[in-house]
Every structure is written in structure tokens, then in C-alpha cells.
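Below: the structure, in C-alpha cells.
Residues: numbered from 1 along the sequence shown.
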Amino acid sequence: MFETLKQAFKVKEIRVKIWITLALLLAYRLGCYIPVPGLGSGLIAEGMQGLSYLNIMNMMTGGSLQSGTLFAMGIGPYINASIIIQLLAVAIPSLERLSKQGEEGRKKISQYTRYLTILLAIIQAVGILLTYRIDLLASDNSTPLSNMLFGQTWLAYVVVIIFFTAGTVTTMWIGERITDYGISNGISLLIFAGILSSAGQALIPMVTNIWGTEQNASLQNFWRLIAMLVAILVVFTCIVTVELAERKIPVQYAKQIRGQKMYGGQSQIIPIKVNSTGVLPLIFAFSIISFPELIMTMFNLTGSAFGQWWVTWMGTDSWLYMVVLSLFIIFFAYFYTSIQFNPDDISKSIQQNGGFIMGIRPGKPTAQYLKKISGRITLFGAIFLALIALIPSIVFKAISPGSYSAFTATGMLIVVSVAIEFNTALQSQIMMKNYKGFLK
């Protein structure tokens, strides 16, 4: 990757795109420190403990959620809107036809996604105010927001909701500008920057504690830091190995004569990634398993009998939580693979182009073969996601209980995926530039 960056900086056009990407990422990070009127940095942080999904959102925003800043919700509503539109495109025929209409169809779907993002941002902003029961009417250190707005209580809440929604829209705009004028996917890079910021904020106290304590405690903190870095390196190595792993299915194409030219006769491969679903099964699983706790917190039901049972048996440290989470991850891995990978369409495309898999008859037998291979690989990928969701969290929590939430499997998978995607985009830009130079 460093060699790719070195080559990219030698090309002026790519170098400009890299600087544009870095400038927009800097603007995003600066927005993560702009305060929202009426909110203090401690109002949200106190209520986030134990809510897995909100901790993931906070990690993706670089700690902006718990600080209650302008970009507190980050790009989360846009991601949720994109997933919803993608799932609806499978269920609703009109959206499915629209997605196959080329550039015009994609523009319309992008517009629908933006509208849904604004709606989800408003709902999520209301949910944040209700969940944490943020009091905008009283303040110990400054003038309450409602007093600045002529004593109108409802107007104070509306202003905060507008700020949160505007922050999400601005974040979405920055991500789209990175995609248009920078390198790689802008939305992914924004999440990447937020996760790295959270990791840096967690590591800084561990480093400073080495010099700020007694000798015995200082030595203990030093070895704790070394253990944390080794664990991170091991987990990253495992994730990179699985992320790059794929099953290559060879496809042989027969020679065809069309007019006076001969086509085909070559051999190609169908690559099936071990973890083709990426981090989505983890996000879906954490969202569903955290939803009841989120609702109970929002309506102050944590003290009820069901709330006490949930905390006892479905807490992050219970074995039942680990089993249910693993089952959800495996289910969503298969569910999302079934949406992304259609063996019947691939088999039909191979047959129409005069291709076949060695030892497998074209048509339905090929589709069944691809479905069987995909099912086996998906099972391995799902088990890997389940293990990577549980084991690293237990290890990091044992090493450093105060900072393990910044190093989650979801965050590490996203960092690795985005880094690989960024490297691939840079290589494509360099290759395209070389081809243009060759043609000139």
C-alpha cells in the first residue's frame, strides 16, 4: 500500500484528488467538535453505557455522539437509509426496475436515499433526546436554551433536532463530494476516519499512564499497552487474511465464430469471497439485539421485571447474549448473501456466453453447484464473523476494561475493508493514467 501511495503522489491529477480527500476529511473532523446549543459533553455520555449499538455509532463518529456535537449522528442515518432502499429494491418491482435503468435510475434512487436519510435523521435526533432525557430547560453553568428562545420549551427541542439533522445532511454532502472529486468511496472514508479517531483517543490515555504513575503501576501499564498492541496486530492479521481470501471457480468458454472473427476459447474465473457480506451481518445483529434495551431506556422501563431479566441474561457478559448474537450473525450472513449472489443469474449468463464449468453441465446443474459452493463459503465466513465479534472483545476487555469499546470487531473489519478498497481505487487510478499515457 505504501508503494501505491508513493506512485500515486507522482501523478499530479491523483495527487490533487488525494489532497481534496484529506481536506474534506479534515473538515468533517472539525465539525465533530462544533457544539450544539443546549447540550453539554456529559449529558449523553452517561447514558450510553451498556448499549452496544449506540457504542458502535459513537465509535464510528469518533466520539461525537457522546459529546453531543454537530456531527453526533454522523453518517449513520445515511447508511441505514441506503440499506433500507437496497432491501426494498429486492422486494418492490418498481424500485428493482429503477435500479436497472442505468445512470438515470441510480440518480433517482440516490435522491430517494437522501430524502429517507433526512427522515431517519429527524427520528434518530428525537430518539436521542428521549433516550437520554436531556434537560434543555435547566443548566448549572450557562443560560438554558429555552430562555434564549423566549421561554418556548418546544422550540428548544426543535432547534437541537434541526442541528442534529443538519449535521447528518452536511456529513452526507461531504461523503458524496469525496466520492465525486476524491479517491474511493467517501462514506466509507468518513467511517474510517471516525474509527481511527476513537482508537487514537483510547490509546492516548494508555500511553500517558506509563509516565504519570508509580514505578510498579507504570511497568504494569507499559505491559498492558504492549499486550493491547499485540492483540490488535493479531486480530488485524486474521481479518486481512480472511478479507482477501476467495474461492476461484474456473469457467471455460467455447470458441464461437461470428462473421469472419472467432470469439471465446479462453478461461476465466468467478471469484467468491469468503466474507462477501463484509460488516453488515455484525451491524444488523448488534442493532436487533440492542433494540429492546434501547426501547426500555427510552421509556424508562429498565427497572421493570423484563428490564431486570434482560440486563441479567442478555447483558454483554452473559453466555446467552453470545449465543444469540452468533445465531443472528450467521442468519444475516446467509440472508445478505442470498440478496447479493444469485446463482441462477450467473448460470444463465455463463450459458448465454457459451461458457461452462469443467465437470458441471450448463444450466440448472451449474446453478446448483454455485449455490452449494456459496453456501459452504458463507458458513465459514459467518462463523469467522461470529468468532471475531466475540473473542477480540473479551480479550481487549481483559487487557484494558476502560478502552476496549474503541477496539471492536465491527470497527476493525470496517478499517480493513476501507483500507483495501482505498488501495484498490488508487491502483485503478494509476493504471487508468498509465493507459491514457500509452494511448497518447
Side-chain angles (χ1 to χ4, degrees), residues 1-34 60-62 70-71 74-75 78-79 81-82 85-86 99-114 117 167-197 199-200 236 239-240 243-244 246 268-269 271 273 276 278-279 411-440:
M1 185 172 185
F2 293 107
E3 184 63 28
T4 305
L5 283 172
K6 183 180 177 181
Q7 294 178 6
F9 270 98
K10 293 179 180 179
V11 183
K12 183 179 178 181
E13 294 179 8
I14 302 178
R15 186 167 64 246
V16 170
K17 289 185 177 182
I18 293 175
W19 287 121
I20 290 174
T21 302
L22 292 176
L24 289 172
L25 288 176
L26 177 61
Y28 166 70
R29 289 306 304 161
L30 290 175
C32 292
Y33 293 95
I34 298 176
M60 290 183 179
T61 58
L70 179 63
F71 291 166
I75 203 65
Y78 181 82
I79 296 173
S82 300
I85 293 294
Q86 190 174 5
S99 63
K100 297 179 180 179
Q101 290 179 3
E103 189 64 26
E104 286 298 321
R106 284 193 292 269
K107 286 183 178 179
K108 289 183 180 179
I109 288 181
S110 297
Q111 198 64 28
Y112 294 155
T113 304
R114 295 188 189 104
T117 299
T168 295
V169 174
T170 305
T171 306
M172 177 178 63
W173 181 86
I174 292 174
E176 291 180 348
R177 296 292 75 75
I178 293 176
T179 304
D180 294 337
Y181 303 109
I183 302 291
S184 191
N185 185 284
I187 305 302
S188 301
L189 288 177
L190 293 181
I191 300 173
F192 180 82
I195 293 172
L196 288 186
S197 176
F236 265 122
I239 292 175
V240 171
E243 280 293 310
L244 296 177
E246 59 184 16
Q268 296 182 358
I269 60 169
K273 292 186 65 176
S276 60
V279 76
M412 291 186 171
L413 277 169
I414 292 174
V415 167
V416 171
S417 301
V418 175
I420 294 174
E421 181 184 359
F422 183 79
N423 185 56
T424 304
L426 268 183
Q427 290 177 345
S428 301
Q429 295 274 350
I430 295 171
M431 189 177 298
M432 190 182 302
K433 183 64 179 177
N434 290 336
Y435 278 141
K436 287 181 180 179
F438 176 75
L439 291 173
K440 289 180 180 179

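Here the closest heavy-atom approach between residue E176 and residue R114 is recorded as OE2-NE, 3.0 Å. The nearest pair of heavy atoms linking L190 to I174 is CD2-CG2, 4.2 Å. Between V416 and E243, the shortest heavy-atom contact is CG1-CG, 4.0 Å. Between K10 and K6, the shortest heavy-atom contact is CG-O, 3.4 Å.
A distance-only check finds no donor-acceptor pair linking the side chain of S188 to the backbone of V418 [under 3.5 Å]. S197 contributes no side-chain N or O that, together with a main-chain N or O of A193, makes up a donor-acceptor pair within less than 3.5 Å. Checking side-chain atoms of T113 against main-chain N and O of A81 turns up no donor-acceptor pair under 3.5 Å.
The aromatic rings of F9 and W19 sit perpendicular, their planes meeting at an angle over 60°, well past the 30° parallel limit.
Note: I183 CD1 to Q429 CD = 4.5 Å, rounded to the nearest 0.5 Å. A distance of 7.5 Å separates CG of L189 from CZ of F192, quoted to the nearest 0.5 Å. Taken from OG1 in T168 to CG in L70, the straight-line distance is 8.5 Å, to the nearest 0.5 Å. L30 CG to F71 CZ: the interatomic distance, rounded to the nearest 0.5 Å, is 9.0 Å. For the atom pair CD1 (I239) and CG (L244), the distance works out to 11.5 Å, reported to the nearest 0.5 Å. Atoms CZ and CD, from R106 and Q111 in turn, are 15.5 Å apart once rounded to the nearest 0.5 Å.
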Might you work through the side chain to side chain contact (heavy atoms under 4.5 Å, CB included) test for Y78 and T171, ending with a clear yes or no? CA-CA 9 Å; Y78 181 82; T171 306; over 6 Å; no
